[in-house]
Q: 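Before anything else, here's the structure in question.
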Amino acid sequence: MQDYYPFQEVEKKWLKNWEDSDLHKTGDDPDKENYYVLEMFPYPSGNLHMGHVRVYSIGDVIARYKRMQGYNVLHPMGWDAFGLPAENAAIKHGNIHPKEWTWDNIAHMKEQMKAMGLSYDWDREVTTAAEDYYKWTQWFFTQMFNDDLAYKKESTVNWCPSCETVLANEQVVNESCERCGTEVDHRDLEQWFLKITDYAERLLDDHELLEGWPEKVKTMQKNWIGRSEGTRVNFELPKLNKELEVFTTRPDTLYGATYMVLAPEHPYVSELTAGTEKEDEVKEFVKKVKKQKEQERTSAETEKLGIFTGAYAENPVNGEKIPVYIANYVLMGYGTGAIMAVPAHDQRDFDFARKYNIDIKAVIQPEDQEEELVGSEMEAAYAGDGYLINSGKYNGLKVEEAFDKMAEDFSEAGFVKVETNYRLRDWLISRQRYWGAPIPIVYCDDCGTVAVPEQDLPVELPHDVEFSPTGESPLKKVDSFVNTTCPECGGPAKRETDTMDTFVDSSWYFMRYADSKNDEIPFTKENLDNWFPVDQYIGGIEHAILHLLYARFFTKVVHDMDLTEHVEPFTNWLAQGMVLKDGAKMSKSKGNVVDPKDILDEYGADTARLFILFASPPEKDLEWSDKGVEGADRFLNRVWRFVTENLELIKNEETQVDPDSLDKDAKTLYRTMHASIKKVTEDVGERLNFNTAISAIMELTNEVYSYLNDRSAEETNTALIKATAENIVLLLAPFAPFITEELWQYLGHQENVHADQWPEYKEEALKKDEITIVIQVNGKVRDKINIAADASEEEVKAQVMEEDKIQSYLEDGNLVKTIYIPKKLVNLVIE
RNA sequence: GCGAAAGUGGCGGAAUUGGCAGACGCGCUAGAUUUAGGAUCUAGUGGGCAAUCCCCGUGUGGGUUCGAGUCCCACCUUUCGCACCA
């Protein structure tokens with residue numbers, strides 16, 4: 001037998017065994033509980049990188065552990081296969097079609113995943129670019145269209161000049177494209193949207209169901225959805241004989257409104273100034289503001305610029321005429337695109353009023369201040385609590401009371417409407433690129449905009465297309481695609497040529513796994529809810545808003561379609577950290593990339609998995625270390641030698657250990673064995689701390705080595721050694737699947753180790769006969785004693801007092817107090 | 001600016017409930033084995049000290065407590081999120 005672990009042949013052998021035995025097939029034993037563990041599926045770029053190795057290793061440990069614990073486990077994998085890189089690669093390399101490129105990459109990555117020993121049920125594989133998948137993506141779109149959740153409208157949208165397509169708000173980060181980093185600009189276009197805003201409230205409220213999510217991610221989503229409660233208020237615009245509607249969270253400050261502001265894009269701007277002496281000046285100003293970048297314009301530091309329109313509005317609470325301005329600090333995209341300005345109690349309005357010499361009128365008096373606030377003497381806006389002044393019959397009311405009372409009174413009077421406002425915008429899903437699911441819509445001159453009926457789905461993506469980006473969908477130039485017949489009247493009609501955002505594809509894939517081969521419906525409620533929701537989801541924090549918000553939205557839509565009982569897709573979410581090298585994320589440009597292939601070739605899959613799980617807890621960033629990999633390899637070889645070198649000794653031995661027959665050292669090992677089972681079970685099953693679980697297995701291995709070292713073969717308790725060997729192999733099995741299969745077979749088992757039961761620890765085995773009590777003097781550790789575990793407080797204290805060292809302390813002062821913590825320590829307070 | 005998380009040996013990290021700081025791994029030192037190297041095994045390894053005694057030690061400064069890496073207050077640094085949202 002070899003004295004090192006021959007990973008190449010062992011991996012080959014067990015890969016074949018697993019394939020032949022269907023070991024990773026999803027369980028369907030009705031007597032077992034179901035468990036669904038899922039890692040975010042990858043974009044098939046062609047090669048696994050270390051980030052993949054990390055996230056899939058984590059998921060695989062959980063899947064294998066849960067199977068051994070006796071669950072039916074759903075652990076599937078698939079491909080987020082539509083998207084720009086396929087097109088870009090095709091453009092760059094010529095003569096290869098995005099489809100071919102994608103499918104080649106999938107085949108290659110799948111082999112790499114298998115080589116890593118990942119226990120996926122490949123029967124349930126989904127590929128979003130496959131017709132039998134995107135048929136249902138289109139189906140969801142048509143269902144949403146019929147429910148008025150998908151609609152087309154013209155608006156100002158984000159445009160990435162590099163990707164040559166529009167982007168959703170969520171895909172714009174710091175005014176740059178989330179994919180490629182190019183600064184986005186804006187275009188006015190007619191595009192398709194999904195009405196995620198209808199679900200804003202539920203997306204927000206249901207955060208409280210997500211106890212297994214990081215608080216940070218929920219906060220990010222809350223900020224993104226941006227709920228604020230307030231009122232809409234109508235101000236008369238006598239000049240236009242119209243009303244100007246504003247949104248405010250402070251209707252209690254209505255008496256303090258001394259001017260109004262319109263966003264430069266507001267439709268009233270031109271109406272108010274047309275034909276007046278202000279017209280040219282205002283046009284000039286609007287032009288100037290529009291040139292400002294969004295980021296600059298929405299920064300708090302940017303100087304507030306504005307211009308008077310010459311028009312006045314009427315404050316509905318007191319009839320006062322107040323001037324209407326246009327300013328850069330009011331955005332068309334939020335609320336109504338117009339505000340009432342209360343400079344005394346809003347810092348932005350205060351700055352603006354000071355600059356343009358507009359009245360400042362205080363209407364909230366701070367309670368702890370004697371002197372009445374006077375607007376003209378204020379140095380900054382006062383946004384705190386207090387009671388109302390200068391507000392007619394509401395004077396004296398506290399802010400909170402005033403809010404309710406005024407909202408109620410003014411609602412009755414008809415110029416105020418209580419309303420909740422959100423920052424969240426509808427999800428723009430049109431894309432002007434080739435490699436995506438076509439939006440299944442037909443335009444007919446007679447019937448209008450018509451959804452493609454179910455029996456005509458999928459609307460297939462044509463194969464032979466000139467897909468170099470032009471800013472318009474490449475499908476537009478494919479006559480055979482564009483020209484069709486209207487599904488309603490049969491007359492000539494034209495197809496929508498935009499494709500869907502790939503985030504639509506990935507918003508429901510985790511549901512399809514539950515019923516991946518269904519060709520009548522995306523999934524049945526029964527099959528989905530057999531597994532849904534995902535018990536443990538694992539993926540990168542970069543999707544905190546994007547994918548995770550969209551997936552939650554889709555789940556709620558699916559719930560409303562009565563295709564699931566559940567309203568949230570992911571019960572627990574683990575955001576795994578990045579893999580770093582030299583303190584930075586691995587990237588080609590930095591030249592600090594470690595290719596998983598090299599590690600697998602040199603050390604094998606088990607070593608790669610073990611290192612990456614041992615180096616750091618899963619949610620923290622992990623620093624790559626070649627030396628650390630060697631350490632993991634050394635440990636696996638240490639386990640290998642322990643089992644193989646002692647095989648003769650233990651081969652025919654029973655694993656039943658009689659604890660009463662053990663000598664002192666054997667008892668210690670026996671206890672460590674059970675303590676390790678407990679530790680690994682808790683760390684893997686509850687805390688998801690794989691690093692400490694592995695260290696516990698290492699400790700047990702070290703301990704058995706030192707036990708064997710200290711005695712001859714005749715003095716060795718071979719049943720205990722066998723039990724230790726079996727438990728080490730079982731505990732290590734989820735982390736290092738190949739080596740443990742091989743050793744399990746050496747130990748005489750016919751079945752796969754992964755088909756065996758997870759070991760259980762015995763509570764009574766953890767008990768110590770003798771325990772160590774720490775003795776402190778004034779809080780400092782001075783000595784330790786060993787004493788029978790069942791010794792009473794008096795017995796412990798008596799023995800403590802007898803210690804020579806302690807006596808010398810007692811001679812130097814008076815014992816004032818003795819603290820006794822059972823089974824742990826005695827602290828003597830001496831003055 | 002606001003909010004959150006983090007800060008522990010030469011390095012990655014552990015300490016789960018306020019009770020032995022530094023588990024486990026890397027690295028390093030010494031020894032065994034070996035012709036040698038590698039591999040392996042054994043012992044040691046926070047700093048100071050001749051020392052097993054003792055003193056110091058978990059970003060800094062204070063506090064609570066018999067006892068603080070852990071709780072409280074202030075500050076520093078790093079990372080992340082938010083940042084005219086009316």
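Below, chain A is the first sequence line, B the second, and so on; all start at residue 1.
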Q: Considering only side-chain heavy atoms of A:D683, which listed nucleotide, B:rA86, B:rC24, B:rU16, is closest?
A: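 Output: B:rU16.
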Q: Looking at B:rC2, which nucleotide sits across from it as a Watson-Crick or G-U wobble partner, both distances under 3.5 angstrom, or is there none?
A: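 Check on B:rC2: paired to B:rG81, both distances under 3.5 Å.
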Q: Taking the nucleotide of RNA chain B with the closest heavy atom to each, which residue, A:L305 or A:N778, is nearer the 5' end?
A: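 Final value for this comparison: A:N778.
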Q: Can you check the distance between B:rA14 and B:rA32, where both ends of the measurement are the P atom (answer in whole Å)?
A: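 Approximately 37 Å lies between the P atom of B:rA14 and that of B:rA32.
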Q: When the C1' atoms of B:rG59 and B:rU52 are considered, how many whole Å apart are they?
A: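 It works out to 33 Å between them.
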Q: Any side-chain donor paired with an acceptor under 3.5 Å for A:W224 and A:E170?
A: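 Present: a donor and an acceptor within the cut-off.
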Q: What is the distance, rounded to the nearest whole Å, between atom OH of A:Y705 and atom C1' of B:rU40?
A: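 Rounded to the whole Å, the gap is 9 Å.
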Q: Are the aromatic rings of A:Y259 and A:Y356 close, with centres under 6.0 Å apart?
A: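 For A:Y259 and A:Y356, the ring centres are not under 6.0 Å apart.
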Q: Between B:rC53 and A:R782, is there an OP1 or OP2 to side-chain N/O distance shorter than 4.0 Å?
A: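 No, because none of the side-chain N or O atoms of A:R782 sits under 4.0 Å from OP1 or OP2 of B:rC53.
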Q: Does B:rC75 have a Watson-Crick or wobble partner in any strand here, with both distances under 3.5 angstrom, and which is it?
A: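 B:rG59 is the nucleotide pairing with B:rC75.
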Q: So if I take every side-chain heavy atom of A:V781 and compare against B:rU42, B:rA86, B:rC20, which nucleotide ends up nearest?
A: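 Side chain of A:V781 sits closest to B:rC20.
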Q: A:R638 side chain: which of B:rC54, B:rA86, B:rU42 is closest?
A: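 The listed nucleotide nearest to A:R638's side chain is B:rU42.
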Q: Would you mind checking if A:R250 and A:D346 are paired as a salt bridge, meaning a charged N to carboxylate O distance below 4.0 Å?
A: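 Answer for the salt bridge query: no.
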Q: Going by a 90° cut-off around 0, is B:rG9 syn or anti?
A: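 Base orientation: syn.
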Q: Measure the distance from CG on A:N637 to C1' on B:rG25 and round it to the nearest whole Å.
A: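 Nearest whole value for this atom pair: 16 Å.
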Q: So if I take every side-chain heavy atom of A:K805 and compare against B:rG12, B:rC41, B:rC54, which nucleotide ends up nearest?
A: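 Output: B:rC54.
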Q: So which nucleotide does B:rU65 pair with, by the Watson-Crick or G-U wobble rule with both distances under 3.5 Å?
A: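 Checking every strand shown, B:rU65 finds no partner, since no pair has both distances under 3.5 Å.
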Q: Ion pair present between A:E208 and A:K218, side-chain N to carboxylate O less than 4.0 angstrom?
A: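 No salt bridge links A:E208 with A:K218.
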Q: With a 6.0 Å cut-off on the ring centroids, do A:Y603 and A:F611 count as close?
A: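 For A:Y603 and A:F611, the ring centres are not under 6.0 Å apart.
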Q: Distance-only, no hydrogens or angles: does the A:T607 side chain make a donor-acceptor pair with backbone N or O of A:A632 under 3.5 Å?
A: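 Checked: no pair found.
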Q: Using atom P in both nucleotides, what's the gap between B:rA15 and B:rU40 to the nearest angstrom?
A: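 Rounded to whole Å, the distance is 28 Å.
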Q: Would you call the rings of A:W640 and A:Y5 parallel, tilted or perpendicular if under 30° counts as parallel and over 60° as perpendicular?
A: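 Correct class here is tilted.
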Q: Starting the side chain at C-beta, find the nucleotide from B:rC24, B:rA15, B:rA86 nearest to A:M698.
A: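 For the A:M698 side chain, the nearest candidate turns out to be B:rC24.
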Q: Below 4.0 angstrom from OP1 or OP2 of B:rA86, is there any side-chain N or O of A:R232?
A: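 Result: no.
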Q: What interatomic distance, in whole Å, is found between C1' of B:rG19 and the corresponding atom of B:rG12?
A: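 Straight-line distance between the two C1' atoms is 27 Å.
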Q: What is the distance, to the nearest angstrom, from the CD1 atom on A:I771 to the P atom on B:rC20?
A: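 For the pair A:I771 CD1 and B:rC20 P, the rounded distance is 14 Å.
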Q: Taking the same atom, C1', in B:rG22 and in B:rA30, what whole-Å distance lies between them?
A: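 23 Å, rounded to whole Å.
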Q: In the strands shown, is B:rA32 matched to any nucleotide by a Watson-Crick or G-U wobble pair with both distances under 3.5 Å, and which?
A: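 Answer to the pairing question: B:rU40, which forms a Watson-Crick or G-U pair with B:rA32.
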Q: Is B:rA23 paired to anything, Watson-Crick or G-U wobble with both distances less than 3.5 Å, and if yes, which nucleotide?
A: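 None - no nucleotide pairs with B:rA23, as no candidate has both distances under 3.5 Å.
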Q: Considering only B:rU42, B:rG13, B:rC54, which nucleotide approaches the side chain of A:N709 most closely?
A: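 Selected nucleotide (nearest to the side chain): B:rU42.
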Q: Side chain of A:P617 only, please: which of B:rG12, B:rA86, B:rA14 is the nearest?
A: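 The listed nucleotide nearest to A:P617's side chain is B:rA14.
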Q: Respond yes when some side-chain nitrogen or oxygen of A:N702 is under 4.0 Å from OP1 or OP2 of B:rG25, and no when none is.
A: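 Yes, A:N702 has a side-chain N/O under 4.0 Å of OP1/OP2 on B:rG25.
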Q: With C1' as the reference atom in both, quote the distance from B:rC11 to B:rG61 in angstrom, rounded to an integer.
A: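 About 29 Å, rounded to a whole number of Å.
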Q: Could you give the CZ-to-P distance, from A:R250 to B:rA86, as a whole number of Å?
A: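 Nearest whole value for this atom pair: 12 Å.
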Q: Do A:K304 and B:rC84 share a donor-acceptor pair, side chain to base, under 3.5 Å?
A: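 Per atom types, the contact qualifies.
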Q: From CG of A:L262 over to C1' of B:rA86, roughly how many Å is that when rounded to an integer?
A: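 Computing the A:L262:CG to B:rA86:C1' distance gives 13 Å.
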Q: If I pick the C1' atom on B:rG18 and the same atom on B:rG63, what distance separates them, to the nearest angstrom?
A: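 Looking at atom C1' only, B:rG63 and B:rG18 are 15 Å apart.
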Q: Identify the nucleotide, in any strand shown, that forms a Watson-Crick or G-U wobble pair with B:rC49, with both distances under 3.5 Å; if there is none, say none.
A: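 Checking every strand shown, B:rC49 finds no partner, since no pair has both distances under 3.5 Å.
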Q: What is the distance, rounded to the nearest whole Å, between atom OH of A:Y5 and atom P of B:rA39?
A: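 Roughly 20 Å, once rounded to whole Å.
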Q: Rounding to an integer number of Å, can you tell me how far A:K824 NZ sits from B:rG18 P?
A: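 Distance, rounded to whole Å: 10 Å.
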Q: When the C1' atoms of B:rG9 and B:rG57 are compared, how many Å lie between them, rounded to an integer?
A: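 Between the two C1' atoms, the distance is 10 Å.
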Q: In terms of side-chain heavy atoms of A:N328, which of B:rC84, B:rG12, B:rA86 is nearest?
A: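 Selected nucleotide: B:rC84.
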Q: Hey, does A:V330 reach any base, or is it just sugar-phosphate, or nothing, if we go heavy atoms under 4.0 Å?
A: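 Base, at least one base heavy atom under 4.0 Å.
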Q: Just compare B:rA86, B:rG13, B:rA15 and give me whichever is closest to any side-chain atom of A:S616.
A: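 When the side chain of A:S616 is considered, B:rG13 is the closest of B:rA86, B:rG13, B:rA15.
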Q: Looking at every strand, decide which applies to A:G631 at a 4.0 Å heavy-atom threshold: base, sugar-phosphate, or nothing.
A: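 Sugar-phosphate contact only - A:G631 comes under 4.0 Å of backbone atoms but never of a base.
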Q: Counting distance alone, no hydrogens or angles: does the base of B:rC82 have a donor or acceptor under 3.5 Å from a partner atom on the side chain of A:N223?
A: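 Between B:rC82 and A:N223, which were checked side chain against base, a qualifying N/O pair under 3.5 Å is absent.
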Q: Look at all strands and tell whether A:S228 reaches a base, only sugar-phosphate, or nothing, counting heavy atoms closer than 4.0 Å.
A: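 It contacts sugar-phosphate atoms only.
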Q: Is the distance from OP1 or OP2 of B:rC54 to the nearest side-chain N or O of A:Y809 less than 4.0 Å?
A: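 A:Y809 to B:rC54 OP1/OP2: side-chain N or O found under 4.0 Å.
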Q: Would you please confirm or rule out a distance under 4.0 Å between OP1 or OP2 of B:rA14 and any side-chain N or O of A:N691?
A: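 For B:rA14, OP1/OP2 do have a side-chain N/O of A:N691 under 4.0 Å.
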Q: Does A:T219 have a side-chain nitrogen or oxygen under 4.0 Å from the phosphate oxygens OP1 or OP2 of B:rC82?
A: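 So the side-chain polar atoms of A:T219 never come under 4.0 Å of the phosphate oxygens OP1 or OP2 of B:rC82.
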Q: Figure out the CE/P separation between A:M578 and B:rA5, and round it to whole Å.
A: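 My rounded result for the distance is 19 Å.
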Q: Does A:K355 pair with A:E303 as a salt bridge, N-O distance under 4.0 Å?
A: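 Salt bridge: yes.
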Q: Does A:T716 reach the side chain of A:L708, with side-chain heavy atoms less than 4.5 Å apart?
A: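 SC-SC contact between A:T716 and A:L708 confirmed.
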Q: 5'-most contact on RNA chain B: A:Q776 or A:K817, nearest heavy atom basis?
A: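 First, find each residue's nearest nucleotide; the 5'-ward one identifies A:Q776.
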Q: With respect to the side chain of A:K627, which nucleotide from B:rC26, B:rG19, B:rA23 is positioned closest?
A: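 That would be B:rC26.
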Q: I need the minimum non-hydrogen distance between A:L731 and A:I697, along with the two atoms involved.
A: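 A:L731 and A:I697 have their closest heavy atoms at O-CD1, 3.6 Å.
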Q: Can you tell me if A:R423 touches the phosphate of B:rC84, counting only side-chain N or O atoms and a distance under 4.0 Å to OP1 or OP2?
A: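 For B:rC84, neither OP1 nor OP2 has a side-chain N or O of A:R423 closer than 4.0 Å.
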Q: Would you say B:rA15 has OP1 or OP2 under 4.0 Å from some side-chain N or O of A:R687?
A: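 For B:rA15, OP1/OP2 do have a side-chain N/O of A:R687 under 4.0 Å.
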